[in-house]
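Below: the structure, in structure tokens.
Reminder, nothing fancy here: chain letters follow the sequence lines and each chain counts from 1.
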Number of protein chains: 2
Amino acid sequence: MKTKQADQSRSTILQSAFCEIHRKGYQAASIANILHDTGLTKGALYHHFPTKQSLGIAVVDEIIGERLAKLLFEPIRQSERPIDALLHLISHIDKQVPADFVMLGCPLNNLMQEMSALNPEFKSSLNGILKQWRDTIEWALVTGQKQNDIRSDVDAKSAALFIVSAWEGCIGIAKNMQSNSAFKSCMKQLHGYLAGLRTD
Amino acid sequence: MKTKQADQSRSTILQSAFCEIHRKGYQAASIANILHDTGLTKGALYHHFPTKQSLGIAVVDEIIGERLAKLLFEPIRQSERPIDALLHLISHIDKQVPADFVMLGCPLNNLMQEMSALNPEFKSSLNGILKQWRDTIEWALVTGQKQNDIRSDVDAKSAALFIVSAWEGCIGIAKNMQSNSAFKSCMKQLHGYLAGLRTD
DNA sequence: ACACATCCATACCGGTCGGTATATATTCTG
DNA sequence: CAGAATATATACCGACCGGTATGGATGTGT
């Protein structure tokens, strides 16, 4: 079976679309630009993706979702002490991510801000990833409570929602300031908030 | 002097541009759409604003900046106990703002996410407002420390940065979830964080 | 009342956009 | 190897975009 070449084209386009969207946003992303880097043409793109929107959704599901899963969800889920894993991620996330991610912002958050109020299909895909994130952190907090590591009076669901919100907020503010050090300082405060939920 | 009519036209356009940008974002905002509601035409718009960008910057400086100043900065600055004012704002901000603001997001944050990495002029205008916000909260924290209301070991600058970040993060997440109750829950956690900075 | 500046409407322009129709390669299947 | 299905290239389309040129209306200072 030699669909290999076709799959290769599809993922080349997907990757290029991810970069263009990350830099310009979805609406400002240009099909022509996406194709220019790849050497492919519209024939290839519209064979694999019926519309620009379907390409955008595929970027969300297959690139952004996968990356977050590998970077955040799995390390927490697979840890025996998930709170420690979470604290470690919050402290060292800036080293595990490409350098331009603070300058360009979190791809997930960028698209949420741009598209959620405009397009229900984007919203539901993005919301799915966001929910995985919240659920992972909530699970970590509940597990921490069982391990007597997190205070039992902590509302895990609300705290998880806040941690994700603050996390994205830190990236967003750092992006606006175009400042890596602001990002680190901000995440340190988030680390302090989470540490404050631990048992004394 | 009958420049009244001209000023009226200018501010009508400005207001309509604010709505369109708030709904669609700057890049997707259409000059034709902005004008459609107003009954004016391109002649009027390009008389008052040389380019679309200058219109966008004017929206930031004259509408968004002014609103935030009236809504947040002034109440804190004018309070005798600014921490109380800040806590009160965090608790009740959802009642002081149009109902669609959670659904459409914070106009400041929306534009920061969209434009800061793309356009230096937008970035500097937006950053100016953001700095006022941070400085106001930092001032509130320092004043709180002088009043023995905030612990002296709190790093006011970092905490202020985090509070603004988390604040915007809460709005952003709530916007994606299109959920007013998520916003309130999230702001309640922020309230808890700030309350945790107080002296015991 | 006349000249002048301000203010705004209309028509138009080149460029870019997402998307399509069609023809041609390439690969899979019998 | 023939034929069918898949995969890609090319040329083209209408819609919309921001911006401009021009001319007319309206007030303003003298």
Side-chain angles (χ1 to χ4, degrees), chain A residues 1-60 62 111 114-115 118-122 125, chain B residues 1-60 62 111 114-115 118-122 125:
Chain A
M1 57 183 58
K2 200 62 180 307
T3 58
K4 264 298 182 57
Q5 181 57 40
D7 286 2
Q8 175 69 30
S9 291
R10 199 190 116 98
S11 72
T12 299
I13 290 171
L14 216 48
Q15 193 60 45
S16 177
F18 168 74
C19 289
E20 171 85 355
I21 290 173
H22 193 200
R23 283 180 159 67
K24 313 259 190 74
Y26 169 76
Q27 298 180 99
S30 150
I31 301 277
N33 269 356
I34 290 170
L35 290 168
H36 185 269
D37 304 336
T38 66
L40 296 167
T41 61
K42 287 194 177 182
L45 193 151
Y46 281 98
H47 173 72
H48 291 284
F49 306 96
T51 62
K52 184 189 180 187
Q53 169 169 321
S54 72
L55 174 60
I57 303 279
V59 165
V60 172
E62 299 177 36
L111 283 173
E114 181 185 3
M115 300 305 296
L118 250 55
N119 185 310
E121 304 207 35
F122 266 95
S125 266
Chain B
M1 51 184 60
K2 199 60 177 316
T3 57
K4 264 298 182 56
Q5 180 57 40
D7 287 1
Q8 175 69 30
S9 292
R10 199 189 114 98
S11 72
T12 298
I13 290 170
L14 216 47
Q15 192 61 44
S16 177
F18 167 75
C19 290
E20 171 85 355
I21 290 173
H22 193 200
R23 282 180 161 67
K24 312 260 191 75
Y26 169 76
Q27 299 180 97
S30 148
I31 301 278
N33 269 357
I34 291 170
L35 290 168
H36 186 268
D37 304 337
T38 66
L40 296 168
T41 61
K42 287 194 177 182
L45 192 150
Y46 282 97
H47 173 73
H48 291 285
F49 306 96
T51 62
K52 185 190 179 185
Q53 169 168 323
S54 72
L55 173 60
I57 303 279
V59 165
V60 173
E62 299 177 37
L111 283 174
E114 182 185 3
M115 299 305 296
L118 252 54
N119 186 309
E121 304 207 36
F122 266 95
S125 265

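- To the nearest angstrom, P of D/dC16 lies 16 Å from CD of A/Gln27.
- By the 6.0 Å and 45° rule, A/Lys52 does not stack over the aromatic ring of A/Tyr46.
- Counting only Watson-Crick and G-U wobble pairs whose two key distances fall under 3.5 Å, DNA chain C forms stems of three or more stacked pairs at C:1-6 with D:25-30, C:8-27 with D:4-23.
- No side-chain heavy atom of B/Thr38 sits under 4.5 Å from any side-chain heavy atom of B/Leu45.
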Subject >> Candidate pair A/Ile13 and A/Ser16, rule side chain to side chain contact (heavy atoms under 4.5 Å, CB included), full reasoning >> reply: CA-CA 5 Å; A/Ile13 290 171; A/Ser16 177; 5.8 Å; no

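- Phosphate proximity of D/dA7 to A/Ser9: absent, as no side-chain N or O sits under 4.0 Å from OP1 or OP2.
- Nucleic acid contact for B/Ala29: sugar-phosphate only, since backbone atoms but no base atoms lie under 4.0 Å from a heavy atom of the residue.
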**OP:** Any chance you could lay out the side chain to side chain contact (heavy atoms under 4.5 Å, CB included) test for A/Val59 and A/Tyr26, step after step, and finish with the verdict?
**Re:** CA-CA 10 Å; A/Val59 165; A/Tyr26 169 76; over 6 Å; no

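- For the pair B/Gln8 CD and D/dG27 C1', the interatomic distance rounds to 17 Å; values are reported in whole Å.
- Side-chain atoms of B/Gln27 and A/Gln27 form no donor-acceptor pair, as typed in the model, at a separation below 3.5 Å.
- No donor-acceptor pair under 3.5 Å is formed between the side chain of B/Ser125 and the backbone N or O of B/Phe122.
- Looking at A/Lys24 and B/Glu114, no side-chain N of the basic residue comes within less than 4.0 Å of a carboxylate O on the acidic one, giving no salt bridge.
- Near-neighbour residues of DNA chain D inside residues 31-58 of chain B, defined by a heavy atom below 4.0 Å, number-ordered: B/Ile31, B/Lys42, B/Tyr46, B/Thr51, B/Lys52.
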Subject >> Worked verdict on A/Gln15 versus A/Glu62 for side chain to side chain contact (heavy atoms under 4.5 Å, CB included) >> reply: CA-CA 10 Å; A/Gln15 193 60 45; A/Glu62 299 177 36; over 6 Å; no

